[in-house]
Amino acid sequence: MCGRFVRKTSAIEISQIFEATNNSLDLPVSYNVAPTSRILSVVSTVDGRRVQDVSWGLIPRWAKDSTKAASLINARLETVSEKPSFKNLIASNRCVLPMDGYFEWKEVLRHDEIKPFKQPFYFSPQPGSHYSHSGVLGVAGLWSSWKDPNNPEGSSVITAVALTRDANAMVSQVHHRMPVLLDQQGVMSWLDLATEEPLSHLVEIEDEALVVCAVSTKVNSSRSSGADLIDPIDLNDASNGKRKAEHNDELRLF
DNA sequence: CCAGACGTTGTT
DNA sequence: GTCTGG
DNA sequence: CCAGACGTTGTT
DNA sequence: GTCTGG
């Protein structure tokens, strides 16, 4: 889950929404943010919250190289406190990853084709929901600082992962995992360095937190970008090149 | 003791 | 670095 | 996350 | 099948 997302809100706006100082590079917005790219995070410091740019895909402190960063893009909430790569980050390396929405794929087998087809869906905050921070989602994350042992003169790389949990009933129509979303209280508690047991404050995410729509397979290629990637499509519309709904129960979800 | 892994996803 | 497997 | 590459030789 | 790049 959560291997591709949208950030169409600028760093300045993100910093205002999360009441943070903007300390990030001027990263361009993207409708197709892929693992290993630079993303924004909100972290707490002694001087308050800051928006910081980080690399998506965690490199543990002890890693000999950065080649496996792309495989540590998510951490399971159920096991994060046990895993060597993550457990030591919970106490003081928590962050919030702002996203306007994220993509999830469902593999569907169409009766007239042999190969399964990956239908992308776009999840975004339900307007007015507690999980909408002026239209932006706050995903619980962890960050780490890594220095390449083969390049001791180089600067440290800050990397991050997004936490995942079992999908709620609404999201599970498409996929069995979902990001750990934070409401306003959740952001407070997750970012507060004084929080004793941050994992214990994470609550179930109600079905009304998100809305979903099917989108074009253009998003499947990480080279695609552009606002049309989140345009809703009608899966029952034959003009999308898909079979009509009466022939395809799998696609008749929404 | 040393060597080797350390993660998630989905799929079977 | 720290834990697990042998 | 998905898409696309995955290799060597010698020659230009 | 598995790894890398985006």
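Computed from heavy atoms alone, side chains included, the values below leave out hydrogens, waters and symmetry copies.
- A distance of about 24 Å separates the P atoms of dT9(D) and dC3(E), rounded to the whole Å.
- Remark: aromatic rings of W105(A) and F117(A) are distant, center separation not under 6.0 Å.
- The interatomic distance linking I59(A) (CD1) with dG7(B) (C1') rounds to 14 Å, in whole Å.
- The partner of dT8(D) is absent, by the rule that a Watson-Crick or G-U pair needs both atom distances under 3.5 Å.
- Judged by atom type and distance alone, T36(A) does not reach the base of dG5(E) through any side-chain donor-acceptor pair under 3.5 Å.
- Comparing dT8(B), dC1(D), dG1(C) by their closest approach to the side chain of R4(A) singles out dC1(D).
- Note on R76(A): a side-chain N or O is less than 4.0 Å away from OP1 or OP2 of dT9(B).
- Summarising the geometry, the separation between CD1 on I73(A) and P on dG5(E) is reported as 16 Å, rounded to the nearest angstrom.
- At the heavy-atom level, A75(A) lies under 4.0 Å from the strands shown only through sugar-phosphate atoms.
- If you check every strand for non-hydrogen atoms under 4.0 Å, S85(A) touches sugar and phosphate atoms only.
- Comparing the P positions of dT12(B) and dG1(E) gives an interatomic distance of 10 Å, to the nearest angstrom.
- Note: NZ (K106(A)) to C1' (dT9(B)) measures 16 Å, nearest angstrom.
- Checking the phosphate oxygens (OP1, OP2) of dT9(B), a side-chain nitrogen or oxygen of T164(A) falls inside 4.0 Å.
- Ring-to-base geometry does not place F103(A) in a stacked arrangement with dC1(D) (centre distance under 5.5 Å, plane angle under 30° required).
- The distance from atom CH2 of W56(A) to atom C1' of dG7(B) is 14 Å, rounded to the nearest whole Å.
- Base-pair partner of dC1(D): dG6(E) (Watson-Crick or G-U wobble, both distances under 3.5 Å).
- Side-chain contact annotation: T79(A) with E82(A), donor-acceptor N/O pair under 3.5 Å absent.
- Base contact: P35(A) has a heavy atom under 4.0 Å from a base atom.
- Of the candidates dT8(B), dG6(E), dC6(B), dC6(B) carries the atom nearest the P84(A) side chain, counting heavy atoms from C-beta on.
- Closest to the side chain of F86(A), from the set dG7(B), dG6(E), dC2(D), is dG7(B).
- Between the side chains of N22(A) and S24(A), at least one donor N or O sits under 3.5 Å from an acceptor N or O.
- Distances from the side chain of K87(A) to the nucleotides dT8(B), dC2(D), dC3(C) place dC3(C) closest.
- Between dT8(B) and T79(A), a contact under 4.0 Å exists linking OP1 or OP2 to a side-chain N or O.
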side-chain hydrogen bond (donor to acceptor under 3.5 Å, both in side chains) evaluation trace for T67(A) with D65(A): CA-CA 6 Å; T67(A) 53; D65(A) 57 64; 2.4 Å; yes

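- Close to dC2(D), at under 4.0 Å from its OP1 or OP2, lies a side-chain N or O of K118(A).
- Side-chain N/O atoms of T9(A) and D100(A) include a donor and acceptor closer than 3.5 Å.
- Here the CZ-CD1 distance, from F103(A) to I230(A), works out to 7.0 Å after rounding to the nearest 0.5 Å.
- One interatomic measurement links the two molecules: CG of N88(A) to P of dG7(B), which rounds to 11 Å at whole-angstrom precision.
- Rounded to a whole Å, the CH2 atom of W105(A) is 9 Å from the P atom of dC1(D).
- To the nearest angstrom, P of dC1(D) lies 12 Å from CG of L72(A).
- Note on R223(A): every side-chain N or O is 4.0 Å or more away from OP1 and OP2 of dA3(D).
- If you take NZ of K68(A) and P of dC6(B), they are 8 Å apart, rounded to a whole angstrom.
- Nearest to the side-chain atoms of N220(A) among the listed nucleotides dG6(E), dG1(C), dC2(D) stands dC2(D).
- Spacing of C1' atoms, dC2(D) relative to dT8(B), comes out at 15 Å, to the nearest Å.
- For the P atoms, the distance linking dT2(E) with dA5(B) amounts to 16 Å, nearest Å.
- Residue D26(A) qualifies as open at atom CG: its count of foreign heavy atoms under 6.0 Å is 12 or below.
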